[in-house]
Amino acid sequence: KNDVKLESAGGTIGLAAIGVSVAIAEDFTTTNAFISNDVEITANNAEITANSEDKHDLQVWAAAGGISGGGGSQANVNSQKTTNAYVLKDTDITTTGNLKINATSLSDLDLFAGSASLVGVSVGETLSDATNIGSTKINIGENVVFKTGGNATISTNTDEKTESEAWAA
């Protein structure tokens, strides 16, 4: 589980003032859960689960005050996740109860960038940019046998939430 919170604030006051603030987060995550080749498993219940959960919260503020000047802020998140659950080849799994294979990827990106210039002549720029790319998969190899006395569940879940906001005044 990744939980990233970045806050950045900057400001300046003067005859010619420039305020700049930047926050950048890069997240390249791979989560794997697997059973190797040529394995025999006998159990009451069996579960193979790959879970990946990431939260990124970036807040960036910049301000400038004076006769002339400007303010700028930038918030960037690049989240690229891979979540995999594998059962490799020539594997036998026998349960008297349930068998569950699951891969789950949860991603929550929340970005805010704001800037203000309180000057006579002003130039400002504000950028909020979020990239949320990922893959969630289950792979069952050749010659894999499942024998269950209960339920067999194979599932993938992906939930990606991205909020990006920018303002300048």
Side-chain angles (χ1 to χ4, degrees), residues 1-10 20-62 72-115 125-167:
K1 179 178 180 180
N2 291 329
D3 195 353
V4 178
K5 183 171 185 174
L6 298 175
E7 292 183 8
S8 177
V20 176
S21 193
V22 176
I24 298 173
E26 297 276 341
D27 184 8
F28 300 94
T29 306
T30 300
T31 304
N32 292 316
F34 65 94
I35 295 177
S36 191
N37 295 321
D38 301 314
V39 174
E40 289 186 28
I41 296 174
T42 302
N44 290 332
N45 295 297
E47 185 171 337
I48 304 155
T49 302
N51 288 325
S52 176
E53 183 177 345
D54 299 315
K55 179 170 177 46
H56 298 279
D57 185 4
L58 277 67
Q59 294 188 14
V60 182
W61 303 84
S73 63
Q74 177 176 338
N76 290 75
V77 172
N78 182 4
S79 177
Q80 298 185 26
K81 300 168 40 136
T82 303
T83 307
N84 303 307
Y86 297 118
V87 178
L88 300 179
K89 69 179 187 170
D90 300 320
T91 298
D92 291 336
I93 300 175
T94 303
T95 66
T96 56
N98 299 321
L99 169 66
K100 180 179 180 183
I101 302 172
N102 177 263
T104 298
S105 176
L106 307 173
S107 184
D108 184 355
L109 308 181
D110 191 1
L111 286 76
F112 174 82
S115 66
E125 178 181 37
T126 301
L127 173 66
S128 179
D129 183 36
T131 302
N132 202 359
I133 300 170
S135 73
T136 305
K137 63 183 175 180
I138 293 176
N139 196 7
I140 308 295
E142 297 175 6
N143 300 316
V144 172
V145 177
F146 299 127
K147 299 174 195 162
T148 66
N151 296 318
T153 305
I154 300 174
S155 62
T156 61
N157 303 302
T158 301
D159 186 7
E160 296 179 346
K161 177 184 161 206
T162 304
E163 292 183 32
S164 181
E165 180 180 351
W167 62 261

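- Between Phe28 and Asn78 the shortest side-chain heavy-atom distance falls below 4.5 Å.
- Among all heavy-atom pairs drawn from Ser128 and Ala113, the shortest one is CB-CB, 4.3 Å.
- In plain terms, the two heavy atoms of Leu111 and Ala75 that are nearest each other are CD2-O, 3.4 Å.
- Inter-residue side-chain proximity for Ile35 and Val144 is flagged as unmet; no heavy-atom pair is nearer than 4.5 Å.
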- Item | Residue pair Asn51, Asn102: steps toward the side-chain contact (heavy atoms from CB on, under 4.5 Å) verdict | CA-CA 8 Å; Asn51 288 325; Asn102 177 263; 3.9 Å; yes
- Message: Assess the residue pair Asp54 and Ser107 against the criterion (side chain to side chain donor-acceptor pair (under 3.5 Å)); give the C-alpha distance rounded to whole Å, side-chain angles, the decisive distance to 0.1 Å, and a yes or no.
- Response: CA-CA 5 Å; Asp54 299 315; Ser107 184; 5.4 Å; no
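- Of all non-hydrogen atoms in Val87 and Ile48, the two that sit nearest each other are CG2-CD1, 3.7 Å.
- The shortest heavy-atom contact between Ser79 and Leu109 is CB-CD2, 4.1 Å.
- For the pair Asn84/Asn139, no side-chain contact is recorded, criterion being any heavy-atom separation below 4.5 Å from C-beta on.
- Thr82 places no side-chain N or O within 3.5 Å of a backbone atom of Thr30 that could act as its donor or acceptor partner.
- Side-chain atoms of Ser73 come within 3.5 Å of backbone atoms of Gly114 as a donor-acceptor pair (strictly under, hydrogens ignored).
- The CD1 atom of Ile41 sits 9.5 Å away from the CG atom of Asp92 when rounded to the nearest 0.5 Å.
- Without hydrogens or angle criteria, Asn98 side chain to Asn151 main chain gives a donor-acceptor distance under 3.5 Å.
- Under the side chain to side chain contact (heavy atoms under 4.5 Å, CB included) criterion, Thr31 pairs with Thr29, Ala50, Ser52, Thr83, not counting sequence neighbours.
- In plain terms, the two heavy atoms of Gly134 and Glu160 that are nearest each other are N-OE2, 4.1 Å.
- Crowding of Phe34 atom CZ: a count of heavy atoms from other residues, nucleotides or ligands under 6.0 Å not exceeding 12.
- Atom CD of residue Gln80 and atom CG of residue Asp27 lie 9.5 Å apart, to the nearest 0.5 angstrom.
- Side-chain atoms of Lys81 come within 3.5 Å of backbone atoms of Leu106 as a donor-acceptor pair (strictly under, hydrogens ignored).
- Residue pairs meeting the side-chain hydrogen bond (donor to acceptor under 3.5 Å, both in side chains) criterion with at least one partner in residues 36-45, sequence neighbours excluded, are Asn44-Thr96.
- Applying side chain to side chain donor-acceptor pair (under 3.5 Å) to Thr136 and the options Asp159, Thr158, Thr104 leaves one that passes, Thr158.
- When only modelled atom types and interatomic distance are considered, Gln74 and Asn76 share a side-chain donor-acceptor pair under 3.5 Å.
- When all heavy atoms of Ala130 and Thr162 are compared, the pair lying nearest together is CB-CG2, 3.5 Å.
- Listed by chain and number, the residues in a side chain to side chain contact (heavy atoms under 4.5 Å, CB included) with Asp108 are Lys55, Lys161 (sequence neighbours excluded).
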